[in-house]
Student: 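Have a look at the structure that comes next, please.
Note on naming: letters A, B, ... go to the chains in the order of the sequence lines (proteins, then strands), and numbering restarts at 1 for each one. As the structure is a prediction and not an experimental result, all values here were calculated from the model.
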Amino acid sequence: MTTPTPRLGLSLAAVTEQSMPGIGHRFDLPADDGAAVVVVLHHSGRRDLYVVAAGNDEPRASVTLSDSQARTLGAILAGAYFKPAIAEEIEAVVGGLLIDWVTLRADSPGAGQSIAALAIRRRTGMTVAAILRDHQATVAPEPTEVLHPGDQLVILGRREDLAGFVHHVVG
Amino acid sequence: MGDELVALGGALVAAGLLARLGRRVGLPTIPFFMFAGILFGPNTPGIELVEHPEELELLAAVGLIMLLFHLGLEFSLGDLVSGGRRLLGAGAVYLALNIGGGLLFGLALGWGVAEAFVIAGAVGISSSAIVTKLVTELRRLANPETKLILGIIVVEDIFLALYLAALQPILGDAQGAGEAVAQFLTAAVFLVTLASVARWGARTVGRLLASPDDELLTVGFVGLAVLVAGAAEKLGVSDAIGAFMVGLILAESPVAERIDRLVLPLRDTFAAVFFFAFGLSIDPSAIGGVIGAVAAAVALSFVLNVLAGVIAARAHGFKRSAAANIGLTILGRGEFSLILASLAVAAGLDARIGPFVALYVLVLAVVGPLLAAHSRLVGDRLPKRWA
C-alpha cells in the first residue's frame, strides 16, 4: 500500500479551479496530448463535462450529468466499482461531512494503540466508523480496539479536521 | 379573495405555459412571462385572466424585492477583483459604449431627459439570467471567452445597483429643489447606514438570522428583505435598492450559501409575477407608436454589443469568432430592462417607455439567442484585421 495522503480539496497540481459567477465552479484537467477535460459544477448540482482538443477553443464534445450520474461516473473513474482495494483513494464529501479511508503503516503513530488511548474523537474531531482488517470489517469499533499496521480505517468528520487526524494517527 | 387568487394562479399558469413553449425552441423565459401578461391582461381581446392589475401589485413588488435581494446576495467583490484589471476594463468599455449610446439614443427620441436615462439603462444593461443560461445551453462554458462574458456580466450587475440608486432622484416625486435635496440626503444617510452594516455588521445580522432550521432561516431573510425594502421605499430610496442592500449584507454572513439556495424558488415564483404584472400594464395598441424606436434601438444594441465584443476580444487576443460570441451573447436583455421600465411607469414618466421596453425585450428575446447560436455568421463577416 502506498502512503495515504490527505486530499484536502483538489490540491492536485494539474487541476485548476475557477469560480464562474452566477453558474458555479470550473475545473480544468489537462490531458497528456494537449487536450483538456473541463468540468463545470453548477450551483444547481448539474455537471457539464467538456472535452477540448489541443489548440481549439470550441469543445470537441460535451455531456451534461445530474448529481447522481456524476457521482457514479466519478466512482467508476476512481476505480471504486472495479477495484475496491484501492478504496483508500476515495473520499466523499456530503453536505460538509467527509468520509475517507486511510491505511495505517507500521510506523504510524496510531499503530499498536487503542482508539481510547489515542483520544481520537477528542483530539482530532474525527470518528473511526469502521476498521477493515484482513478483509474483515468491524463497524463502529469499541474505544478499547487496538489499531494494527495495515488496518484500513473508515473515518467520518469535517473536512478541515482530516489533516489533524492524519497527523495524529497515520503520520 | 377568490378573484385575486384566480388572478394570481392564472398569471403563473399562463406565464409558465407560454414560457415553456418558448423554452422548447430555446428562447429565454423572462420575456415570455411578460408576454403572457400582455396577452391575458385587460388591454387585449380574448381571455382576460386579470381584470384589475392592482390585485397583483403587492406580489409583483415582492418579486422585484427578491430579484434585487438575490442580486445583492450574489455580489462578490472577490469575483470582481479576481478577474483583474483587463476584465474590469472590458466591463467598463461595454458600459461606456452601451449606456453612453443608449443615453444619446434616448435624448434623440426626445421623450425627455429622465426618460433618456431610463432608456439608457434598459437598452444598455444585459440580463444576467439570460446570458448565463445562454452560455450554458450553447455549451460554451469551456470556451476561453466565456470567462470574459461572465466578467462583463458581474461588472454590469454592480453598475445596475449604482444606476438604480442614481436614478432615484430623477424618478422621485420631489416638489422643488428643497424637497429634492432633503430626499437625496435621507437616501444618502440610509444607504451609508446599510453599507456600514454590510461592511462591519454582516456577521451580527447573520447570527441573528442564522438557524440550523431552513424554515426559520427563510422566514427571517424574507422578512428582513421585505421590511428593509419597505422602509427604503418610505424614505424615498426605492424598495429595489433596499432589497439589494439586504442581499449585500447577508452575502457577507456565514449563512449566505444556504440563503442563496433557499431564495431561488421564491425569487423565480415572485419574479414571474413581477414580469407578468409589467406585461399587464402594457397596452398593445400603444406598441404601434414605438415600433420605429424599437427597431432603431435593437439595431443600435446589435452594433454596440458587437463592437464591445470586438474590443474585449482584441484586448485578450481572442479570435473573431470569440468576439462575435461575446457581443451576441451579452445582447440578452431581460429582468433589468423590465425593472427600469416598471420604475419609470410607476414614476409616471412618458407612457411610451413601457411599450417601448416591452417590445425591445421581446424582439431581443427572439433575435438574441438566434444570433448567439449562429454567432459564426457574424464572426465571419467581421473584418479580419479587427481581431
Side-chain angles (χ1 to χ4, degrees), chain A residues 9-10 14-70 73 93-98 158-161, chain B residues 70-71 73-83 87 91 126-158 257-258 260-261 263-265 268 313 316-325 375-376 379:
Chain A
L10 283 165
V15 178
T16 54
E17 180 186 347
Q18 291 170 32
S19 125
M20 302 188 96
I23 293 181
H25 286 267
R26 168 182 168 159
F27 300 87
D28 286 41
L29 175 79
D32 286 339
D33 53 357
V37 178
V38 176
V39 177
V40 179
L41 257 82
H42 294 254
H43 292 313
S44 62
R46 163 184 168 153
R47 317 281 207 284
D48 283 331
L49 207 65
Y50 290 88
V51 178
V52 184
N56 220 331
D57 286 353
E58 298 282 333
R60 185 197 287 167
S62 67
V63 64
T64 297
L65 300 172
S66 70
D67 185 73
S68 66
Q69 289 165 333
L73 177 65
V93 180
V94 187
L97 172 73
L98 172 125
R158 296 182 307 164
R159 175 184 278 265
E160 55 265 37
D161 292 331
Chain B
H70 184 254
L71 187 68
L73 198 63
E74 294 261 285
F75 175 86
S76 151
L77 212 56
D79 281 343
L80 197 62
V81 177
S82 70
L87 199 152
S126 318
S127 154
S128 319
I130 293 177
V131 171
T132 47
K133 198 132 202 166
L134 259 183
V135 284
T136 304
E137 273 165 22
L138 293 174
R139 310 216 144 268
R140 292 194 182 142
L141 292 179
N143 288 28
E145 76 275 6
T146 295
K147 199 177 165 223
L148 194 52
I149 292 175
L150 296 177
I152 294 175
I153 290 295
V154 169
V155 175
E156 284 192 76
D157 286 355
I158 293 153
E257 263 180 47
R258 280 174 59 209
D260 200 20
R261 179 169 52 80
V263 74
L264 279 182
D268 292 345
H316 286 75
F318 291 153
K319 297 180 199 143
R320 282 187 306 170
S321 58
N325 281 354
S375 58
R376 189 161 290 279

Student: Nearest 0.5 Å please: distance from the NZ atom of K133(B) over to the CD1 atom of I23(A).
Tutor: 11.0 Å

Student: For A142(B) and V52(A), which heavy atoms make the closest approach, and how far apart are they?
Tutor: CB-CG2, 4.0 Å

Student: Could you tell me which residues in residues 59-68 of chain A have at least one non-hydrogen atom under 4.5 Å from a non-hydrogen atom of chain B, sorted by residue number?
Tutor: P59(A), S62(A), V63(A), T64(A)

Student: Quick check on T132(B) against chain A: is it the side chain, the backbone, both or neither that has a heavy atom closer than 4.5 Å?
Tutor: both

Student: In this structure, are over 12 heavy atoms from other groups packed under 6.0 Å from E257(B) atom CD?
Tutor: no

Student: Apply side chain to side chain contact (heavy atoms under 4.5 Å, CB included) to the pair R26(A) and L150(B), showing each step before the final yes or no.
Tutor: CA-CA 13 Å; R26(A) 168 182 168 159; L150(B) 296 177; over 6 Å; no

Student: Looking at R261(B), I'd like to know if its CZ atom is crowded, meaning that more than 12 non-hydrogen atoms belonging to other residues, nucleotides or ligands lie closer than 6.0 Å.
Tutor: yes

Student: Using 0.5 Å steps for rounding, measure from the CE atom of M20(A) to the CD1 atom of I149(B).
Tutor: 9.5 Å

Student: Going from CD on E58(A) to CG on N325(B), what distance comes out if it is rounded to the nearest 0.5 angstrom?
Tutor: 6.0 Å

Student: Is any side-chain heavy atom of V40(A) less than 4.5 Å from a side-chain heavy atom of T136(B)?
Tutor: no

